[in-house]
Amino acid sequence: MDTKLVLLIAVFLEQSVTVETTDESYYKILKFGKTKYDYVMFAPDMSQFETSFTICSWVRMLRNEGTVQSWFSYRWSYESGNMLSINDDCQTWLFHSGVSPNFEVALGTWYHFCFSWEGATMIRDGYIDGVRVFGGVYDRQNRTTLGLEGIIVLGNKQRVGPGEVTYMIDRYAFGGELYQLNIFTRKLSSAEIREMSTDMCSGVEIKYGDERRIKWEDILQKTKYGNVTEAGVGPQCESPFYVWSKLQEIKRSFNVTFEELKESTLQLTNQLNKTIIEQNASITEQKNTVDNLNDTSLEQENAITQLINTNINQENAITKLINTNIEHENAINELSKATKDESYYKILKFGQTKNDYVMFTPDMSQFETSFTICSWVRKLRNDGYPYWFSYKWRGYTYGNLLGINDKWETQFFHSSVSPIFKGELGTWYHLCFSWEGATMIEDIYADGVRVSRSLNDLNNRTRLGQGGTIVLGNMQYRDPGVVVYDDNAFGGELYQLNIFTRKLSSAEIREMSTDMCSGVEIKYGDERGLKWEDILQKTKFGNVTEAGVGPQCESPFYVWSKLQEIKRSFNVTFEELKESTLQLTNQLNKTLIEQNASITEQKNTSII
């Protein structure tokens, strides 16, 4: 019996959801009350941040009382503008200027926020969940150094001077939760911030060493005033990306794929079935031997009865083990399963010339008064002006089109919008563009974060033009279906492009953006008016090919959600499952030893 395999599967499942940390305090959160008396205050050495810095924190807003609450405030003098403050709607003030991103904060949800600044360029950037939501030069006085010898307050805003807590007011009291607030000595890159935003529990911040000069574990030791308490991070440390990263580590350390695990489980099941057959044959043989003996003692009969009972118990135990392994096999199937419909998880790869596109003329009547376009987009060109989507109606008329390029810039009717978020080459991003004719409001989302909101358009049009043509992979400038320039060739990859018949909410878009492989789009039914699986059937011109999504379908959220389903269906924790498997394995080993000894004894008795 392959005991190691049983343990391997049990440990694999158990390790997938176990949070490991060498410092328990590192994973504490701070919970703030709702009054001006609830805050943390300290006077740090800010000289290391004089010319550049990045502040990052996980933030959870719990107040929705029509006011703006401040979770971070640094003030270094009484003069106007000598402060840095960050509110719970991610509005940020530095020197004399404030910036408010186009982002809707949902109560009770953890967000990762970063604010970075560099004196040499005077550029400041704001990031929510790894997406840059604002950036540029905002200070009218062109200041290149941060004030020193100030006071930091967490949980309220310093309105008058450094540490002047008597002037703080309830209206600015944070009343939410903070976790992993760290300040770095330089302006971190977009890639570094994106990595940090993917996992509450990875501890990736630690790798920055001395560049992380104000540390969360040190902040936790500062004096807490009023109703400010510590608590464990809780179930967030079974975050999707944490589980995913652990699974990858486990797979690498085992040097085995999910398919190989499944195959090994099947082999073990077959082996156990074979063992049962052999043991039953052995029992029959022993019975026959005993029947042929002329001198049968009561002790021998009892021994045989005991042997039969032992084998029955063993058979039951093995059956239970088989059932356990079947459950494991089903679990592994769920983890490695890509889709019920293979075509649903195909991507489209586009060439880099004007001849490489997909073109079709759909029924757009269902999108006339509102719609949402969502797609996973992977740009691979760093030149030209590539477009991945365009819809054009009514001939050579300016404004009768909708175009979206790989910089997330949109042209719709007579208006153009250019969000600050641009994305990086070779990375998958989830992009949505939504519009509603009744309000004429259009929103752009990148990875579930709203990066732009605008009122469209100059001519107050409330209906989308009909009878037009959609081109994927280039822009239509003149008549519908006319593609002109190589510069506009997309040259990247698209996946799960769907058009919905209404303006989806921020929460719906956020859910959709978390998992490339969940198939969550399917639940919208007829509201998904134009479907990806139908688009894949359209005529492809030039160098446009299909391919499998690949390793993205072991996406963090897919694996995590499947693990949660497995836990719920077992109605047992993985620790309990591991323990019961170990007990069963030990029991079977003990039973086999006892049975072999008994059989040997019976054989010796028969010979005598």
Run through Tyr391, Phe371, Phe367 and flag the one making a ring pair (Phe, Tyr, Trp, His ring centres under 6.0 Å) with Trp435.
Phe371
Side chain Asn474, main chain Val484, donor-acceptor under 3.5 Å
no
Roughly how far apart are Cys114 SG and Ile86 CD1, rounded to 0.5 Å?
9.5 Å
Intermediate values then yes/no, side chain to side chain contact (heavy atoms under 4.5 Å, CB included), Val59 and Phe72:
CA-CA 11 Å; Val59 182; Phe72 181 92; over 6 Å; no
Counting distance only, does the side-chain N/O of Tyr429 pair as donor-acceptor with the main-chain N or O of Glu424 below 3.5 Å?
yes
Just by distance, do the side chain of Asp129 and the backbone of His112 share a donor-acceptor pair under 3.5 Å?
yes
When rounded to the nearest 0.5 Å, the distance separating CZ of Arg213 from OG1 of Thr185 is 7.0 Å
Less than 4.5 Å apart, any side-chain heavy atom of Glu493 and any of Trp376?
no
Does Arg528 pair with Glu533 as a salt bridge, N-O distance under 4.0 Å?
yes
To the nearest 0.5 Å, tell me how far Lys346 NZ sits from Thr545 OG1.
10.5 Å
Hey, mind stepping through Asp486 and Lys354 against salt bridge (Lys or Arg N to Asp or Glu O under 4.0 Å) and telling me if it holds?
CA-CA 4 Å; Asp486 286 343; Lys354 64 182 180 181; 5.5 Å; no
With distance as the sole criterion, is a donor-acceptor pair present between the side chains of Lys187 and Ser52 under 3.5 Å?
no
Is the shortest side-chain heavy-atom distance between Asp210 and Arg212 below 4.5 Å?
no
Whether over 12 other heavy atoms sit under 6.0 Å from Tyr385 OH
yes
Close side-chain approach of Ile404 and Phe412, heavy atoms under 4.5 Å:
no
Side-chain heavy atoms of Tyr524 within contact of Thr372, under 4.5 Å
no
Output the distance between atom CG (Leu497) and atom CG (Leu536), rounded to the nearest 0.5 Å.
10.0 Å
Under 4.5 Å between any side-chain heavy atoms of Met364 and Ile470, yes or no?
yes
Atom pair CG/CE of Leu472 and Met359 - distance to nearest 0.5 Å
11.0 Å
Donor-acceptor pair, Arg124 side chain versus Ser116 backbone, under 3.5 Å?
no
Identify which one of Tyr495, Phe389, Trp388, Phe433 satisfies the side chain to side chain contact (heavy atoms under 4.5 Å, CB included) criterion when paired with Ser375.
Trp388
Counting only heavy atoms not in Asp526 (residues, nucleotides, ligands), do more than 12 fall under 6.0 Å from its CG?
no
From Ser434 OG over to Tyr445 OH, what is the distance, rounded to the nearest 0.5 angstrom?
5.0 Å
Does Glu442 reach the main-chain N or O of Met440 with its side chain, forming a donor-acceptor pair under 3.5 Å?
no
Going through the distances and angles, do Lys531 and Glu521 end up as a salt bridge (Lys or Arg N to Asp or Glu O under 4.0 Å)?
CA-CA 9 Å; Lys531 304 173 182 178; Glu521 301 87 357; over 6 Å; no
Sub-4.5 Å side-chain heavy-atom contact between Phe113 and Trp71:
yes
Side chain proximity check, Met122 to Thr144, heavy atoms < 4.5 angstrom:
yes
Could you tell me whether the side chains of Gln476 and Ser390 share a donor-acceptor contact shorter than 3.5 Å?
yes
Kindly indicate whether the side chain of Asn182, heavy atoms from C-beta on, has any atom under 4.5 Å from the side chain of Met196.
no
